[in-house]
2 protein chains.
Amino acid sequence: MNLKELAQKLGLSPTTVSRALNGYPEVSESTRARVMAAAKRHNYRPNTRAIRLATGRAMAIGHVIPIASRHEIMNPVFADFIAGAGETYARNGYDLILSIVPDDDEDRIYRDLHARGAVDGIIVHGPRLNDPRLQLLDDIGFPYVVHGRATGTVTPYSWLDVNNRRAFRRATEFLLDFGHRRIGLINGLEFMDFAIRRRTGYLEALAARGIAPDPDLMSSEEMTELRGYRAACAMLRHDVPPTAFLASSMISGLGLRRAIEERGLRLGSDISVIIHDDALSYLPNGDDVPIYTATRSSVREAGRQAAEMLLDIIAHPASAPQQRLLEAELIIGQSTGPVPAPRRS
Amino acid sequence: MNLKELAQKLGLSPTTVSRALNGYPEVSESTRARVMAAAKRHNYRPNTRAIRLATGRAMAIGHVIPIASRHEIMNPVFADFIAGAGETYARNGYDLILSIVPDDDEDRIYRDLHARGAVDGIIVHGPRLNDPRLQLLDDIGFPYVVHGRATGTVTPYSWLDVNNRRAFRRATEFLLDFGHRRIGLINGLEFMDFAIRRRTGYLEALAARGIAPDPDLMSSEEMTELRGYRAACAMLRHDVPPTAFLASSMISGLGLRRAIEERGLRLGSDISVIIHDDALSYLPNGDDVPIYTATRSSVREAGRQAAEMLLDIIAHPASAPQQRLLEAELIIGQSTGPVPAPRRS
DNA sequence: GATCAGTTTCAAACCGCTTTGGATAGTGCA
DNA sequence: TGCACTATCCAAAGCGGTTTGAAACTGATC
């Protein structure tokens, strides 16, 4: 059932039917009602392909997810972010098209998506230090929103980010207030922007108390359980081991906990731990009481908001870039406590 | 730069240019070369929207991911599966469009995607017992491939699945061979098809040795760390606790390990554990030596193959439904060993 | 009854490509 | 030289909508 057939059945022109369905004023309410009813009755849906060609809009947003070609890691937060963004798109009649791309091939994909007219805008995932993609997208003239920021980029651009620096600063201060002085940082890969900012927050807090950072207590790794475990083991073997840790993700935190408990230490009493909790649906931080003290910010909510932002930018192309900085909340769980009385090893 | 402009520049008709670019024979090789060169020089990409309208094909595949509306869990394997499927699509010029849908709204989405002509086919995720979606898709006449199977569906349909039953049977037998008799099963939710099959495999192996299953040793939960932990704790508190476990996912396995180690038991010597490893990129099972003994099957590879299957079905609509059953390999890690000598608790 | 503004409706052009059904030129062969 | 045949190219008609510009119809006004 297409527009022409529907019009024929109604004894109207396609023009009128189209206008009736799209809410244009130059059609009488009585015929509009008649058209609407017929459309529903015949279960008419306008053909997306035709709409797209006619209007020149793709009614679709591209999510380009880079995969580091070396290790093929698919960042687990993407799933929840996309679930959030998808809600927004569904509400607004947009499709979400997903490209998983080796990170050395991203340029081509962006140019392609634009030239082919496949999408109206882009969400940029996983920004890095001095990320070249932003300049590229500006050059092409593609509307986009970055999930995160790209330290080093000076020209203004649209982004939505969590205040990673402040979150980690607060978390560090929280530990310092408990008397901890040796605090290990299990960070993500530090060419990723979020990881850079988290380290900055951590360092700021230490500096504010006049504590010199110890490189031995700072690791930068992929955020897997195993890496978290290994990094924690290494630090715990230190002559003056940390009494507290900051971990950049729930998954690292699990490895961290394993390392701690394996040594017969108790999480929260012997060793304090704060993680960053992206509130991933399949990695809940406890259900009633949080297990980990955590800086929490829902990635799914970020997805919702980033998508809204992008749709707004697409609707108002002339407007200035938008930014939104979400604050992570510090939720107190059972994994933190005062520094224990020194004990002999 | 569109086809007409390019044709004009070349002094040719759009027809000829189109044919030259699409490899039709009725154009001389010399002009084809000329056209190709010009296309490259002007960086011409045909407009996807126009192609789609003209050909009547969407050149896109829909992945509909149901979210259980109650608990909003986004299955983490989707991410890797989609990464695999995406590779196939990219190679074949297809787009991947993703819909995240509350599971009570799926019907509408499928009908919509079809009526709007937004996609040429569908990958069905997360099939359940007697899944009604397959019948619906058959009724609509939508090509589709199911990732997994739907026990209870009798009409033939296309699917790609891991042999979950055999994998869990083998895993159980492996434990039985080590002398274990009390084997706990930490399964996923048992309205999901894969979980049903895994339980079946487990029960078959027990039955083959004449061992009666103990309901106390079988749990069916969402596959999160916390649920795994809880389920394991409950079983370990049993009067006659299990000496071995089977866990349905890496994440449950992490919780399971925590429960074990928290009791001062050693993984692999005191308690044996086999997990199912989907080979998710961000949850590696060790890097050199596998930590867990596991039934392993790459979800990403499954994504690649399922996508190929679907494209093939779309290309040959008349052909019979296709099926492919992947075997999981049993990889031996450090988490299994002979049943320990009985000790008093 | 003619005129006019305002309301409804429609025919036709257009979006950018593919594809059908010729037209034209070039070739081999009788 | 003429003819059939092939190779090469093109004009035009789609695909299924939206949108422009004009026509037809309504009352109301003079």
Side-chain angles (χ1 to χ4, degrees), chain A residues 1-36 38-39 42-60 93-95 112-120 315, chain B residues 1-36 38-39 42-60 93-95 112-120 315:
Chain A
M1 169 68 45
N2 61 21
L3 186 65
K4 207 194 290 182
E5 290 168 20
L6 185 64
Q8 213 137 33
K9 273 197 206 303
L10 282 162
L12 289 170
S13 74
T15 312
T16 306
V17 175
S18 167
R19 286 185 165 148
L21 292 172
N22 292 320
Y24 282 74
E26 53 272 81
V27 54
S28 74
E29 281 313 315
S30 62
T31 57
R32 188 193 305 282
R34 207 157 62 85
V35 171
M36 294 287 220
H42 295 94
N43 196 28
Y44 167 73
R45 317 257 115 173
N47 183 302
T48 314
R49 300 192 285 261
I51 292 182
R52 287 175 176 168
L53 180 56
T55 60
R57 296 183 309 156
M59 293 305 284
Y94 274 76
D95 282 337
D112 225 66
L113 285 173
H114 186 258
R116 284 168 38 210
V119 302
D120 296 319
Chain B
M1 168 67 48
N2 60 21
L3 186 67
K4 207 195 291 183
E5 291 168 20
L6 185 63
Q8 213 137 34
K9 272 197 206 304
L10 283 161
L12 289 170
S13 76
T15 312
T16 305
V17 175
S18 168
R19 286 185 166 149
L21 292 173
N22 292 320
Y24 282 75
E26 52 271 81
V27 55
S28 75
E29 282 312 314
S30 65
T31 56
R32 188 194 304 283
R34 207 156 63 84
V35 170
M36 294 286 222
H42 294 94
N43 196 28
Y44 167 74
R45 317 260 115 170
N47 183 302
T48 314
R49 300 193 284 262
I51 292 182
R52 287 174 175 168
L53 181 55
T55 59
R57 296 184 308 156
M59 293 306 284
Y94 275 75
D95 282 338
D112 227 65
L113 284 173
H114 187 258
R116 284 167 40 210
V119 301
D120 296 319

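Naming convention: chains lettered A, B, ... in sequence-line order (proteins, then strands); numbering from 1 in each chain. In this text, all values refer to a predicted model and were calculated from it rather than measured experimentally.
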Do Val35(A) and Leu10(A) come within less than 4.5 Å of each other through their side chains, counting heavy atoms only?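 The answer is yes, as the side chains (C-beta and beyond) meet within the 4.5 Å cut-off.
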For the residue pair Thr48(B) and Met59(B), establish whether any side-chain heavy-atom pair is separated by less than 4.5 Å.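 No. Closest side-chain heavy atoms not under 4.5 Å.
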Going by salt bridge (Lys or Arg N to Asp or Glu O under 4.0 Å), name the pairs with one or both residues in residues 21-36 of chain A, residues two or more places apart or in two chains.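 Sorted pair list: Glu29(A)-Arg32(A).
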Show me the pairs that pass salt bridge (Lys or Arg N to Asp or Glu O under 4.0 Å) and involve residues 1-10 of chain B, at least two apart or across chains.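 For residues 1-10 of chain B, and leaving out neighbouring residues, there are no salt bridge (Lys or Arg N to Asp or Glu O under 4.0 Å) pairs at all.
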Between protein and nucleotides 16-21 of chain D, map the contacts as a letter string: B base, S sugar-phosphate only, - none, heavy atoms under 4.0 Å, written 5' to 3'. BBBBBB
Can you check whether Tyr24(A)'s main-chain N or O pairs, donor with acceptor, with Asn22(A)'s side chain at less than 3.5 Å?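 Pair absent, no side-chain N/O of Asn22(A) close to backbone of Tyr24(A).
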Quick one: side chain to side chain donor-acceptor pair (under 3.5 Å) partners of Asp95(A), sequence neighbours excluded?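 So Asp95(A) forms a side chain to side chain donor-acceptor pair (under 3.5 Å) with Arg52(A), Arg116(B).
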Side-chain donor-acceptor pairs of residues 12-19 of chain A under 3.5 Å, sequence neighbours excluded:
from	atom 1	to	atom 2	distance (Å)
Ser13(A)	OG	Thr15(A)	N	3.4
Ser13(A)	OG	Thr16(A)	N	3.3
Ser13(A)	OG	Thr16(A)	OG1	3.2

Along DNA chain C, first and last positions that approach a heavy atom of chain B under 4.0 Å: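 It runs dG16(C) to dG21(C).
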